[in-house]
Amino acid sequence: MKHASQRTLPDLRVPTIFVKPQTSFSGEEGGGFLRGDVVVVDNRIVGMRPSDKHLDGRILMPRLVEAHCHLDKCHTVERMAVVGGNLEQAILAQRQDKANWTDQDILSRAKRGLSEFVTAGTGMVRSHVDWGDTAPPPRSWSLMCALAEETSQTTLQLSALVGVAQMSDRSFAKQVVASIPDGHALGAFVFGQDGLEAGLRNIFDCATDRGLPLDFHVDEGLSPDLNGLELIANIALETGFSGPILCGHAVSLAVHPTATRNRIIEKLSKAGICVAMLPTTNLYLQGRNGGTPTMRGITLAKELDQAGVPVVVGTDNVRDAFCPVGRHDPMYALEMAILGAHLDSPFDTWLKTITTNACLALGADAPSLNGAPLDDVLLCDATDFSTLISGASRRPANTYFEV
Ligand SMILES: [Zn+2]
């Protein structure tokens with residue numbers, strides 16, 4: 001008979017947000033952590049005991065989740081003649097770059113981005129993929145689907161980024177959805193276009209038929225005339241759509257009058273819609289005035305959070321026409337979000353944006369340390385949340401026993 005192997009990881013801190021209450025975790029409480037000896041059986045965490053050792057009390061936490069990025073576009077900036085413009089100029093520059101998108105080019109850049117996420121300790125990644133103008137999928141979609149199949153170090157989910165006006169054509173919408181394998185998502189760029197409502201209704205219908213999650217780029221601008229967010233919430237409430245819905249950007253929410261903001265936020269909360277704040281790309285592209293910006297172009301993360309809307313922080317663009325710098329690391333995106341949106345301590349509230357809330361937005365179970373395999377857990381060179389978010393090194397916890 002094989003005996004279970006029990007081992008102990010002495011004197012560690014675990015964030016209490018990742019421990020289910022009333023379980024086998026007991027230790028010294030403080031600063032949003034439980035501190036003690038972590039008990040591991042057969043390579044899974046089963047609990048914590050109070051410790052009499054005084055080592056360094058490093059942080060153990062679940063792997064990170066990236067809810068919004070663009071692995072098809074990343075690492076293209078060095079071959080663009082001009083960068084530095086607003087959203088429209090970035091879209092144009094990125095479209096021109098597609099002349100370089102051979103199979104090898106797309107795959108080598110996407111693999112590089114994915115590998116950077118893995119190094120940063122990311123266990124799940126959702127990447128948008130530009131769909132283009134035709135109903136049959138672009139080559140990049142097929143290549144990225146194959147990459148998602150073969151990737152074992154992290155889960156890769158894809159979201160089709162389709163033109164919303166084109167989706168107002170029912171047969172176009174049906175063809176697009178037929179090319180999305182189970183486990184991936186449907187989305188669109190929503191920016192006040194003609195035919196917006198008809199396109200959105202088709203998207204909701206098709207996603208319902210297939211059981212696909214939805215993921216929109218919404219209102220990526222500072223005009224109060226943009227309000228796709230409320231239209232999406234209205235349709236979600238009207239149809240009772242059951243799958244997860246993630247709305248990225250929601251920049252114009254910041255420029256609506258207070259009563260309008262409150263009304264939209266209340267509908268988002270009722271509909272269970274998650275909002276992705278994307279600080280790097282928004283800070284770079286929004287509010288351009290030819291000089292130094294005076295507008296931040298960031299969604300209302302605090303107000304959304306206070307109203308019970310799950311807020312997610314995403315990396316979005318890395319070294320492409322939309323953002324010429326950056327890194328594939330959700331923790332770095334959170335650091336930018338803290339600065340861009342004045343997210344204050346306690347920071348464990350905001351750590352949820354790249355863990356618990358991101359899982360919810362992607363339709364995955366909330367991360368928990370109870371029963372977690374060590375492969376899915378990070379050992380971090382930090383003893384408090386500020387150091388953790390400020391770029392402390394992270395490595396898989398299963399390497400703990402190798403040193
Ligand atoms: Zn995006």
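Counting begins at 1 with the first residue of the sequence. When a ligand or atom number is given, it counts from 1 through the structure's own listing order. In this text the structure is predicted, and so the values were computed from the model without any measurement.
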Just so I know, are the side chains of Leu114 and Thr151 near enough to count as touching, which here means a heavy-atom distance under 4.5 Å? yes
Contact flag His70/the Zn ion (ligand 1), N/O/S atoms, threshold under 2.8 Å: yes
Could you tell me if the ring centre of His328 sits under 6.0 Å from that of His70? no
N/O/S of His128 less than 2.8 Å from the Zn ion (ligand 1)? no
No-hydrogen, no-angle side-chain donor-acceptor test under 3.5 Å, Glu335 and Ser390: no
So, for Ser127 and Leu71, which heavy atoms are closest and what is the spacing to 0.1 Å? OG-N, 2.9 Å
Among the N/O/S atoms of Asp316, which is closest to the Zn ion (ligand 1)? Give the atom name. OD1
Is the Zn ion (ligand 1) less than 2.8 Å from at least one N/O/S atom of Cys69? no
